[in-house]
There are 2 protein chains.
Amino acid sequence: MSTIRDVSKEAGLSIATVSRALSAPEKVTPESLKKVHDAIELLQYRPNMLSQKFRNKQANAIVILVPDIANLFFAKVISGIESVAQKKGFSVLLGDTRDSKALEKQYINLVETRQADGIIQLRPYSENDSLLPIARVPAVNASGCENTPYPTVRIDNVGAAKEVVKYLISLGHKRIGVITGLQRNPHTIDRLKGYKQALAEANIAFDQSLLAEGDFTLWSGLQASEHFSRMSDIPTALFCMNDEMAIGAMKGLKSKGLRLPQDISITGFDDLDVSRYCDPPLTTVAQPAEKIGERSADLLFQLLDEQQPTQTEYVLPIEFIIRQSTAPPRA
Amino acid sequence: MSTIRDVSKEAGLSIATVSRALSAPEKVTPESLKKVHDAIELLQYRPNMLSQKFRNKQANAIVILVPDIANLFFAKVISGIESVAQKKGFSVLLGDTRDSKALEKQYINLVETRQADGIIQLRPYSENDSLLPIARVPAVNASGCENTPYPTVRIDNVGAAKEVVKYLISLGHKRIGVITGLQRNPHTIDRLKGYKQALAEANIAFDQSLLAEGDFTLWSGLQASEHFSRMSDIPTALFCMNDEMAIGAMKGLKSKGLRLPQDISITGFDDLDVSRYCDPPLTTVAQPAEKIGERSADLLFQLLDEQQPTQTEYVLPIEFIIRQSTAPPRA
DNA sequence: CTGTTAGCGCGTTCAG
DNA sequence: CTGAACGCGCTAACAG
């Protein structure tokens, strides 16, 4: 493996000149430049970036902390981040934390040991995170919720949930069930807030028995749907906090002989690819996943460049998509 | 940011001793060890891994080349790779190539410039890849097909397709349509081979008109299904080369009033989460995605350790899952 | 067991 | 415009 020294010898020039030829060609005579390039070609020289990074004290890399990479929403966010990083010449280190605090810490370690320059966290922030030394390193939270104590790119979960539920109410629904994520998940909390606000504004009392807890998986949606199908007074609409649970619930409800949307309306959250194609097509909220990724990468790079970020919280617009899984309740 | 030198001063020991205390504690007296640890604690010292890597000429990182990270199958493979790398203390660099050769080259560049030690390629190999200098760097192909010219972890696509089609034949089907991926995609080629073999063994002639080309997306499956539903003599079964297309096709066929599986049986490939829950649940082939990832990472690490790999091609078993989307043809 | 020394490959002075 | 020399932080010899 040839080094810059080999190139300098081959070209009959000094190391410094070769270095300059590479990083500031305009500071070198065309003749020297050519000699350098010829030598590089001949020796198949490739600069050792490990050395460069060491020298420049910059890893040119960012870490993405993702709770679960096999989740389409996260994958899309990552894709957005990646494309921005790519253009900036930065590498993206993948940190699949599997929801483990210990693993998360290990990945944060990467930037503390200069293997990466900053972090993008794709997990919603929750109170007891204060342990995490994320505050000490350049970090951005994407896909977060309200009240995240560091720079954030997110959607308005409260508002989105409210919009969905208001729509159901506008169709004439009054008994609206909800399948939540895990109780303490910040997304759950925010979306539940929106649900309650919509009810309140329509003077509908909140009914605890219309609430079933899931964990954002398809299976849990199916489970939760049983809670409702067993009720004597089945709700006429179901607000599910993500599409996977909605699809699970649809499956469960249909198996009980309920017709969608005539007997019961269903809404989701996320707009998965399949949601357009399930039966009936699902009314849902589309998050601009790629955009969230891009924006958070932009924000992180601002932080790294030590520019005063113009803004430290971005709330991106969602798109409420009405399909055929919702209809007025039966008279 | 304190360095090892600061620690050595604080501890009243030499740099070398500090270094040893960190990498080979048993070579240092307990007293010295304590002094070092105290100093580290006091100064909040974190070793500069950039320097270590430079010194050791090892990036301790691998690159994953993935055509599209927002694809659940790939995401799972990545997850498997990641968990193995994690244990080995290696970082994973994400290379979302978006099917672009240029981007791919850029990522391969990462190992040529020592920013990574090896590569795992998640795209099936095809002939004209020979341009790529992958041969020059430690690389493993995961999710590949037959005849990949470098170490590979894969499933037997031909055999799997054959098993599916043989099953359909065993149910009594004779007119079996197929929705393929893009014609030149190696997966398409392998699976088509299996399809033809199964037909041949049952003495059923191959009929070109029963073949519709898709591109592995849901939408293309829906499109392709129209080709069949318009036929006067609709096939009694449809072998789809992945689940997404199968789900799209199911949607298309149902909209034409066909009943599944009574009027037409459908099979997929991949076993997505939703496939269990669609209506009817899809008969399909499950690939051991995580396992593929783990195994390919293991293989790459063998290569990096310059052990003679015991094996350079692993063919992992698939699981054929029979659900309710398949049934005997109507009499 | 410990300390001294040299150098990894590169960028960056500072003279010429 | 060019080259010699230094040092980034760390590890690996070697000598004590």
Side-chain angles (χ1 to χ4, degrees), chain A residues 1-40 43-61 89 91 109-117, chain B residues 1-40 43-61 89 91 109-117:
Chain A
M1 209 91 295
S2 49
T3 74
I4 198 172
R5 158 174 256 110
D6 301 325
V7 176
S8 76
K9 277 186 193 149
E10 180 65 35
L13 292 164
S14 75
I15 295 181
T17 305
V18 177
S19 175
R20 273 189 290 259
L22 259 29
S23 58
E26 72 279 6
K27 292 187 172 179
V28 166
T29 38
E31 299 88 63
S32 297
L33 206 57
K34 180 171 176 2
K35 282 187 201 162
V36 169
H37 283 144
D38 288 350
I40 287 178
L43 298 171
Q44 291 281 317
Y45 167 73
R46 319 272 0 227
N48 182 338
M49 299 300 288
L50 242 36
S51 172
Q52 268 190 32
K53 288 171 160 184
F54 166 53
R55 177 63 228 234
N56 299 335
K57 300 175 188 310
Q58 253 240 345
N60 274 275
S91 310
N109 196 33
L110 286 180
V111 2
E112 295 186 324
T113 59
R114 283 77 143 198
Q115 299 184 75
D117 305 308
Chain B
M1 208 91 297
S2 49
T3 73
I4 197 172
R5 158 173 256 112
D6 301 324
V7 176
S8 77
K9 277 187 194 150
E10 180 65 35
L13 292 164
S14 75
I15 296 181
T17 305
V18 176
S19 175
R20 272 188 291 257
L22 258 30
S23 59
E26 72 279 6
K27 291 186 169 179
V28 166
T29 39
E31 299 86 63
S32 298
L33 207 56
K34 179 171 178 0
K35 283 186 199 162
V36 169
H37 283 144
D38 288 349
I40 287 178
L43 298 171
Q44 290 283 318
Y45 166 73
R46 318 271 3 224
N48 182 338
M49 299 300 287
L50 242 35
S51 170
Q52 269 189 33
K53 287 171 162 186
F54 165 54
R55 177 62 227 227
N56 300 335
K57 301 177 188 310
Q58 253 239 344
N60 274 276
S91 310
N109 196 33
L110 286 180
V111 2
E112 295 185 325
T113 60
R114 283 75 145 200
Q115 300 185 74
D117 306 309

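Because the structure is a prediction, the values reported are computed rather than measured. Note that these values count all heavy atoms, side chains included, but never hydrogens, waters or copies made by symmetry. Within every chain, numbering begins at 1; the chains are lettered A, B, ... in the order of the sequence lines, protein sequences first and strands thereafter.
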### Query
Contact boundaries of DNA chain D with chain A (under 4.0 Å, heavy atoms), 5' to 3'?
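Span of nucleotides near chain A: D:dC1 to D:dG9.
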
Tell me what [X] touches on the nucleic acid: a base, only sugar-phosphate, or nothing, going by heavy atoms under 4.0 Å.
X     : result
A:E31 : nothing
B:Q58 : nothing
A:L50 : nothing

### Contact check, side chains of A:L22 and A:I40, non-hydrogen atoms, under 4.5 Å
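Side chain of A:L22 against side chain of A:I40, heavy atoms only: contact under 4.5 Å found.
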
### Message
Quick check: do B:M1 and A:K57 have side-chain heavy atoms less than 4.5 Å from each other?
### Response
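B:M1 does not reach A:K57 side chain to side chain.
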
Rounded to the nearest 0.5 Å, what's the gap from [atom1] on [X] to [atom2] on [Y]? Could you check?
X      : Y      : atom1 : atom2 : answer
A:L110 : A:D117 : CG    : CG    : 11.0 Å
B:L33  : B:E26  : CG    : CD    : 10.0 Å
B:L43  : B:T3   : CG    : OG1   : 9.0 Å
A:L50  : B:L50  : CG    : CG    : 7.0 Å

### Message
Strictly under 4.0 angstrom, non-hydrogen atoms only: write out the protein contact profile of nucleotides 6-16 of chain C, one letter per nucleotide from the 5' end, B, S or -.
### Response
-BBBBBB----

#### Entry: Side-chain donor or acceptor of A:S19 paired with backbone N/O of A:I15 under 3.5 Å
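Side chain of A:S19 to backbone of A:I15: no pair is present.
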
### Query
Do any pairs count as a side-chain hydrogen bond (donor to acceptor under 3.5 Å, both in side chains) and have a residue in residues 44-55 of chain A, sequence neighbours left out, and if so which ones?
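Every pair satisfying side-chain hydrogen bond (donor to acceptor under 3.5 Å, both in side chains) with a residue in residues 44-55 of chain A: A:R46-B:N109, A:R46-B:E112, A:K53-B:Q115.
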
